[in-house]
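Below: the structure, in structure tokens.
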Amino acid sequence: MLAVAAVNTTLAALPRAVAWCARAGRWEQARTDPEALAAELLRLTAASPVLPRVAAADATVLGHRIRRGDRLLLVARHAAEAHRDTPSGDPGLATQAPFGLGRHACPGASLARAQLAELLRALAPLRPRVLRTVPDPRSALPSYRHCLLTP
Ligand code: HEM
């Protein structure tokens, strides 16, 4: 369970975040502040854009009545609109969204951010460009099948 939660998400997230950094021309920020950029890129690339949930109690959300036991699919807004964004470089509360909230929030979030920050820091001096990306239509998470970079 831990391997699935950790590996699938990381493999989905990191290549897309690096490609986004390259296309947005953010290598200078990757050099100077990779932690902030990593948090923001994980928000934009949203490796887990849909979260299944069962309502624990009756509630009303934005005028919609929800009953205890209702099955819900939460679609993160940051994911739905992320293609319109560029990294702000200013991580805020929304950077927690791709890792969920509450008692089952991802315990690997700090590790995932640190891994991406380290990858960005290592690539920054090379300032790679994206040669080609190929989406993987069979992946459960938004992922690339190939992601080719060139210095
Ligand atoms: C970019 C990488 C990652 C993303 C986007 C991600 C995202 C998520 C999300 C959305 C959840 C569900 C949270 C919820 O239900 O509220 C989750 C749960 C979980 N993640 Fe991650 N994760 C990532 C990396 C990792 C890593 C590196 C580890 C471990 C080393 C990990 C371990 C787990 C575990 C064990 C859970 C289940 C927590 C529970 O149900 O109490 N994840 N993750």
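All figures in this text were calculated on a predicted structure; none of them were measured in a lab. Index from 1, following the sequence. Atoms within a ligand are numbered from 1 in the order they appear, just like the ligands themselves. Just so you know, these numbers use all the heavy atoms, side chains as well, and skip hydrogens, waters and symmetry mates.
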For [atom], what is the nearest protein heavy atom, given as residue, atom name and distance?
atom	answer
atom 13 (C) of ligand 1	His104 O, 3.1 Å
atom 4 (C) of ligand 1	Phe99 CE2, 3.4 Å
atom 19 (C) of ligand 1	Pro107 CD, 3.7 Å
atom 21 (Fe) of ligand 1	Cys106 SG, 2.3 Å
atom 37 (C) of ligand 1	Met1 CE, 3.7 Å
atom 29 (C) of ligand 1	Ala6 CB, 3.5 Å
atom 10 (C) of ligand 1	Pro98 O, 3.2 Å
atom 24 (C) of ligand 1	Thr9 OG1, 3.3 Å

Quick one about Arg23 and Thr133 (side-chain donor to acceptor, distance below 3.5 Å, no hydrogens or angles considered), yes or no?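 Per modelled atom types, Thr133 and Arg23 side chains form a pair under 3.5 Å.
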Are any of the N or O atoms of Arg53 closer than 3.5 Å to those of ligand 1?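 Right, the criterion is met.
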Could you see which bit of [X] sits under 4.0 Å from ligand 1, with heavy atoms only: side chain, backbone, both or neither?
X	answer
Ala47	side chain
Gln96	neither
Leu51	side chain

What are the two closest non-hydrogen atoms of Pro15 and Tyr144, and how far apart are they?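 So the two residues come closest at O-CE1, 3.9 Å.
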Could you pull out the closest heavy-atom pair between Arg43 and Pro98, with the gap in Å?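 Arg43 and Pro98 have their closest heavy atoms at CA-CG, 3.7 Å.
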Considering only heavy atoms of [X], which atoms of ligand 1 have at least one such atom less than 4.0 Å away?
X	value
Ala112	1 (C), 2 (C)
Ser48	5 (C), 7 (C), 10 (C)
Ala13	1 (C)

Report yes or no: do Val18 and Val130 belong to one cluster of Ile/Leu/Val/Met/Phe/Trp/Tyr joined by side chain heavy-atom distances under 4.5 Å?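 Same hydrophobic cluster.
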Side-chain heavy atoms under 4.5 angstrom apart, residues restricted to Ile, Leu, Val, Met, Phe, Trp, Tyr: same cluster for Val61 and Leu72?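 Same cluster: Val61 reaches Leu72 through Ile, Leu, Val, Met, Phe, Trp or Tyr contacts under 4.5 Å.
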Keeping the roles fixed (side chain from [X], backbone from [Y]), state whether a donor-acceptor pair exists under 3.5 Å.
X	Y	answer
Ser143	Leu141	yes
Arg68	Ala56	yes
Thr10	Val7	no
Arg132	Leu148	no

Here's a test for you: under side-chain contact (heavy atoms from CB on, under 4.5 Å), which of Arg121, Arg31, Gln29 qualifies with Leu37?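 Exactly one candidate clears the test, Gln29.
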